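None of the values given here were measured: they were computed from a predicted structure. One-based numbering along the sequence shown.
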Amino acid sequence: MNKKIQTAAVDQLFEAVLCLKNKEECYSFFEDLCTVNELLSLSQRYEVASMLKDKKTYLEIAEKTGASTATISRVNRSLNYGNDGYELVFGRLDNATPLQE
C-alpha cells in the first residue's frame, strides 16, 4: 500500500464508499463526489484493465474505449507491478452475485 495516499481523509472516503449498498447509491455518491470527466476517466481505466486482463491488444482497447496508449500503458503497469487491486476486484466479481439495481 502506498503510504503517500494513506491519510485520515482517504480512510474516511473509503469508509463512505464501503457503506454504499447498490448502484443507485453509487451513482448518487459518485456524481456528487466527481466531475463527469473524472468519473468517465475512472470507468475508462477500469474498462482498459478488464480488456488487458482479457488479452486484448492496445489497438483494440484504444478503438473500443478511446483511451490513449499512455493511459493503456499506465493501467498495464498497474496490472503488472501494482498492488493487485484490479486482480482482487476481478476475482471477486467473477464469484459474486450481481449488485442490486
Side-chain angles (χ1 to χ4, degrees):
M1 183 177 344
N2 186 339
K3 297 292 183 188
K4 291 180 183 178
I5 66 166
Q6 192 174 5
T7 66
V10 173
D11 284 351
Q12 288 177 340
L13 172 63
F14 291 166
E15 289 294 329
V17 170
L18 289 169
C19 80
L20 299 171
K21 295 181 180 164
N22 54 46
K23 285 183 192 177
E24 183 179 320
E25 289 182 0
C26 288
Y27 272 100
S28 294
F29 181 70
F30 281 96
E31 284 182 47
D32 286 348
L33 180 67
C34 300
T35 65
V36 170
N37 285 337
E38 288 168 336
L39 193 51
L40 293 176
S41 291
L42 291 171
S43 64
Q44 181 187 63
R45 287 182 203 152
Y46 183 79
E47 185 177 17
V48 166
S50 180
M51 292 181 75
L52 285 167
K53 178 181 80 83
D54 292 339
K55 307 294 187 209
K56 302 296 183 195
T57 67
Y58 276 35
L59 181 59
E60 290 172 305
I61 295 168
E63 286 176 350
K64 178 156 191 309
T65 67
S68 68
T69 54
T71 295
I72 299 168
S73 180
R74 190 176 322 117
V75 171
N76 193 45
R77 190 169 39 253
S78 291
L79 282 170
N80 291 315
Y81 305 107
N83 294 312
D84 296 325
Y86 284 117
E87 291 303 321
L88 176 71
V89 169
F90 292 145
R92 288 192 180 160
L93 286 173
D94 287 344
N95 298 312
T97 56
L99 191 61
Q100 298 173 17
E101 291 295 326

State the [atom1]-[atom2] distance between [X] and [Y], to the nearest 0.5 angstrom.
X	Y	atom1	atom2	result
Phe14	Gln6	CZ	CD	9.5 Å
Thr65	Ile72	OG1	CD1	5.5 Å
Asp84	Phe90	CG	CZ	11.5 Å
Thr7	Leu13	OG1	CG	9.0 Å
Arg45	Arg74	CZ	CZ	6.0 Å
Leu52	Thr57	CG	OG1	9.5 Å

Measuring only between side-chain heavy atoms, which start at C-beta, is [X] closer than 4.5 Å to [Y]?
X	Y	value
Tyr46	Val75	no
Glu87	Leu79	yes
Gln12	Glu15	no

Met51 and Leu93: same hydrophobic cluster, using ILVMFWY side-chain contacts below 4.5 Å?
yes

Taking all non-hydrogen atoms of both residues into account, name the closest pair between Thr69 and Tyr58 and its distance.
O-CE2, 4.2 Å

Please name the pair of heavy atoms, one in Glu25 and one in Lys21, separated by the smallest distance, quoted to 0.1 Å.
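Looking at all heavy atoms of both residues, the closest pair is OE1-N, 2.5 Å.
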
Just wondering, more than 12 heavy atoms not from Tyr27 lying within 6.0 Å of its OH?
no

Would you tabulate the side-chain donor-acceptor contacts of residues 31-42 under 3.5 Å, counting partners in other chains and residues two or more places apart, or write 'none'?
unit_1	atom_1	unit_2	atom_2	d
Thr35	OG1	Glu38	N	3.0
Thr35	OG1	Glu38	OE1	3.4
Glu38	OE1	Thr35	N	2.8
Ser41	OG	Asn37	O	3.0

Without swapping roles, check the side chain of Asp54 against the backbone of Lys56 for a donor-acceptor pair under 3.5 Å.
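The answer is no, because no donor-acceptor pair under 3.5 Å joins these two groups.
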
Pi-cation contact, Tyr86 with Lys53 (under 6.0 Å, within 45°)
no

